[in-house]
Amino acid sequence: MTKMVKTRFAPSPTGMLHIGGARTALFNYLFAKANGGEYLIRIEDTDQERSTEENKEIIKQGLDWLGLGPTDGQWVLQTDSLERHKQAVEKLIQEGKAYECYTSKEELEEMREAQKAKGETIRYDGRHRNLSDAEKQAFKAEGRTAVIRLKVAEEGTTKWDDAVQGTIEVPNYTLDDFVIMRADGYPTYNFVVALDDHDMGITHVIRGDDHINNTPKQMFVYQAMGYDLPTFAHVPMIHGKNGKMSKRDGATNVLEYKEAGYLSEALNNYLMRLGWSLGDEEVIDMARAIEHFDIHNVNKSASVFDQVKLDWFNAQYIRKLSATELLPQLKPFYEKAGLTLNSTIEGYLLNGGIEAVKNKAKRLGDIVTATAFFFENAPFNFGEKETSILETEGYKNNLALFANALKDVEGPVTHDTVSDIVGKLCADTGLKFKDFGMPLRVALTGTTQAPGVGDIVEIFGKEECLKRLNSIT
RNA sequence: GUCCCCAUCGUCUAGUCGGCCUAGGACGCCACCCUUUCACGGUGGAAACAGGGGUUCGAAUCCCCUUGGGGAUGCCA
């Protein structure tokens, strides 16, 4: 009987949920789902000074948007287990595995400077490892408060088989007796993660490779507590174009991607392809990813965030959606653009308007821009280019000819109606399609960049077309 | 300084335990085609195994060194 796979994403509310964190969450989710396991969330809020309620909320919203909320629905706060953590510290002290350390920050600073000067590894030297009761009393009398440090092996090496990085081995002399409880009584990260991961039954710890250096420390905690080790998997970081992640490179709140008009499916797809691949496939939806995800296939090297490719993924997902599916997601964007929907306009959008433009959209806002003419009333405020087209010799007459022919059409006007009319007019006049199409487009939409005139006429219908044409001629 | 990790086109990557790689795909870029505008789409193209040593009949694939990135070195997570 193997244990059920359990992963967790453990964001810290000292900051936003950015691209890197989102991908770590994604990999945890995918791995758990791929193995029929559970994916949990634990908010690491043990840093009382820097954690904020606002960040917690933003992280939660971001994860929810991406569909990466916990499979058990529980948003666990690490500080909820404070008492448990403190008891564990107490237990280790009783067992002689941890001890009080009264070294002041200034003394630590001096120690580090000295070590640096000598080119040694910078580490706590264990000076208070074996303090007598009298010595402790003396320090207390000075007004010092103790932190608790864990005794760590000084010899040998610590190694583990990382699911993505392979075997990692660290000489123990580079480690030190690290602090497991601060002077303020709050246990520290490296101690608490190990306890919580054990308590929550986490089988696979998947996190950024910036945690590789923390792993040996946590392994000592597992050992001191007598717990079995989980499998560790350290996924590479995501970098910006110039090395470090910057705002431009996605170091921002993932919710900003939602506001920028990205679909969560597209962002997830792009993110999973950063470090993981499924043969030559690019467009991989969540269901397919869950079916095939394997943490052992994740690359070891860091990748660079490329918004241009994200745009391409977004375009792929936008075109997969129908107008009916798109419209609700588009509404906030129309609102932001100051465009007010009504039933007539919704009709235009649903009956061909969105369909006519969605294949060229990279972001949701592109659809809004491309369909804005449905909202506007003729006559338009034409730009220079549009005006010059309308002023072209004979074009207004062409519009009149078209309007005349359109007026006499019986029944619904369609794309074909337009082809028929223009085809006939071309034959009669010897002109080209564009001699009718171009001014028609401008007259109907106020712009030169719009869907095919056949589509536009069909969507508007005879009456609205004539209305718009009449405002010109 | 010390320790750890990484290294294929500009970018994301394929490359399953060395031969099928004169290194494949995708984004972007360039050209052409399609075309009533803008796009979409189609076809083609330029573009990489960081460098140096080994091991081997044979290395992008294994080993070592160099170089270059990144991370850690906190009473942050």
Side-chain angles (χ1 to χ4, degrees), chain A residues 10-15 44-47 49-51 78 101 103 105 108 112 115-124 145-149 162 165-166 168-171 173-176 178-190 192-193 207-216 234 236-237 239 241 243-244 270 273-283 296-297 299-306 308-313 315 319 357-362 366 370 385 389 418-419 422 432-442 445 447-454:
Chain A
S12 169
T14 52
E44 313 250 300
D45 59 346
T46 53
D47 185 340
E49 294 189 5
R50 299 192 301 148
S51 296
Q78 190 155 50
C101 167
T103 314
K105 295 199 175 180
L108 287 173
R112 286 179 190 130
Q115 288 166 339
K116 206 168 187 176
K118 278 190 273 180
E120 292 173 355
T121 301
I122 291 162
R123 58 194 288 279
Y124 173 68
T145 45
V147 298
I148 307 301
R149 288 178 184 273
D162 196 279
Q165 304 287 346
I168 297 178
E169 186 167 1
V170 187
Y173 71 81
T174 64
L175 273 20
D176 64 1
F178 62 100
V179 174
I180 59 174
M181 190 159 82
R182 305 179 178 89
D184 65 6
Y186 279 95
T188 59
Y189 168 77
N190 278 124
V192 167
V193 228
R207 69 219 321 188
D209 69 9
D210 50 334
H211 285 285
I212 287 180
N213 301 276
N214 290 144
T215 306
H234 290 93
M237 306 270 84
H239 291 147
K241 287 240 184 292
K244 272 271 197 182
Y270 176 63
R273 286 286 293 103
L274 248 34
W276 179 70
S277 60
L278 182 55
D280 281 343
E281 289 181 45
E282 292 288 342
V283 179
H296 298 282
N297 277 143
N299 268 171
K300 294 176 167 188
S301 53
S303 43
V304 175
F305 185 84
D306 180 12
V308 175
K309 188 154 187 182
L310 206 212
D311 279 345
W312 179 80
F313 273 106
R319 63 180 61 182
V357 304
K358 73 172 192 188
N359 281 3
K360 42 186 168 184
K362 285 185 163 68
D366 294 342
K385 197 173 166 193
I389 285 171
V418 178
S419 309
V422 177
K432 296 261 178 70
F433 193 110
K434 71 167 193 218
D435 292 318
F436 293 92
M438 205 58 213
L440 210 40
R441 174 176 301 105
V442 172
T445 69
T447 163
T448 57
Q449 295 177 21
V453 289

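All chains are named by letter (A, B, ...) in the order of the sequence lines, taking the proteins before the strands, and each is independently numbered beginning at 1.
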Rounded to whole angstrom, note down the C1' distance from B/C29 over to B/G70. 29 Å

For B/C40, decide between syn and anti, treating a glycosidic angle within 90° of 0 as syn. syn

Quick one about A/Thr447 and A/Thr445 (side-chain donor to acceptor, distance below 3.5 Å, no hydrogens or angles considered), yes or no? no

Looking at B/A14, I'd like to know if its phosphate oxygens (OP1 or OP2) sit under 4.0 Å from a side-chain N or O belonging to A/Asn299. yes

For nucleotides 38-40 of chain B, list the nitrogen or oxygen atoms of the protein found under 3.5 Å from its nitrogen or oxygen atoms, one pair per line.
from	atom 1	to	atom 2	distance (Å)
B/C38	O2	A/Lys360	NZ	2.5
B/C38	N3	A/Lys360	NZ	3.2
B/C40	O3'	A/Arg319	NH2	3.4

Would you classify A/Val147 as touching base, sugar-phosphate or nothing, given that sugar-phosphate means primed atoms plus P, OP1 and OP2, and contacts are heavy atoms under 4.0 Å? base

Hey, does A/Gly119 reach any base, or is it just sugar-phosphate, or nothing, if we go heavy atoms under 4.0 Å? sugar-phosphate

Could you tell me whether the side chain of A/Asp45 has a donor or acceptor atom within less than 3.5 Å of a complementary atom in the base of B/A77? no

Mind checking A/Gly454 for me? I need base, sugar-phosphate or nothing, with any heavy atom below 4.0 Å counting as a touch. nothing

C1' atom, B/C38 versus B/A77: distance in rounded Å? 49 Å

Does A/Asp311 have any salt bridge (charged side-chain N to carboxylate O under 4.0 Å, His left out) partners at least two apart in sequence or in another chain, and if so, which? A/Arg363

If we take the C1' atom in both B/U56 and B/C63, what is their distance in whole Å? 12 Å

Protein-nucleotide distance (A/Asp184, atom CG; B/G74, atom C1'), rounded to Å: 14 Å

Expressed in angstrom and rounded to an integer, what is the separation of A/Asp176 atom CG from B/U73 atom C1'? 9 Å

Taking only the C1' atom of each, what is the distance from B/A7 to B/G28 in whole angstrom? 22 Å

Can you check the distance between B/G58 and B/U66, where both ends of the measurement are the C1' atom (answer in whole Å)? 26 Å

Taking only side-chain N and O atoms of A/Lys300, does any of them lie within less than 4.0 angstrom of OP1 or OP2 on B/C6? yes

Describe the nucleic acid contact of A/Thr46 in one word from base, sugar-phosphate, nothing, applying a heavy-atom distance below 4.0 Å. sugar-phosphate

Please state the C1' separation for the pair B/A14 and B/G74 - nearest whole angstrom. 41 Å

Answer with base, sugar-phosphate or nothing: what part of the nucleic acid does A/Val304 contact at a heavy-atom distance below 4.0 Å? sugar-phosphate

When you compare B/C27 with B/A47, how far apart are their C1' atoms, in angstrom units rounded to a whole number? 13 Å

Evaluate whether atom CD of A/Glu49 has more than 12 neighbouring non-hydrogen atoms of other residues, nucleotides or ligands under 6.0 angstrom away. no

Reading nucleotides 22-27 of chain B 5' to 3', which nucleotides get B (base under 4.0 Å from a protein heavy atom), which S (sugar-phosphate only), which -? --BBBS

Round to the nearest Å and state the distance from A/Asp162 atom CG to B/C4 atom P. 15 Å

N or O in side chain of A/Ser303 less than 4.0 angstrom from B/U13 OP1/OP2: yes

What integer distance in Å separates A/Arg123:CZ from B/U73:P? 15 Å

Below 30° counts as parallel, above 60° as perpendicular, anything between as tilted: where do the rings of A/Phe305 and A/Tyr270 land? perpendicular

Does the side chain of A/Arg112 get closer than 4.0 angstrom to OP1 or OP2 of B/G1 through an N or O atom? no

How long is the line joining CD of A/Glu49 and P of B/A77, in whole Å? 11 Å

Base of B/G71, side chain of A/Asp209 - is there a donor-acceptor contact under 3.5 Å? no

Using OP1 and OP2 only, check whether a side-chain N or O of A/Ser277 sits under 4.0 Å from B/A14. yes

For A/Ile212, report the nucleic acid contact type (base, sugar-phosphate, nothing); a contact means any heavy atom under 4.0 Å. sugar-phosphate

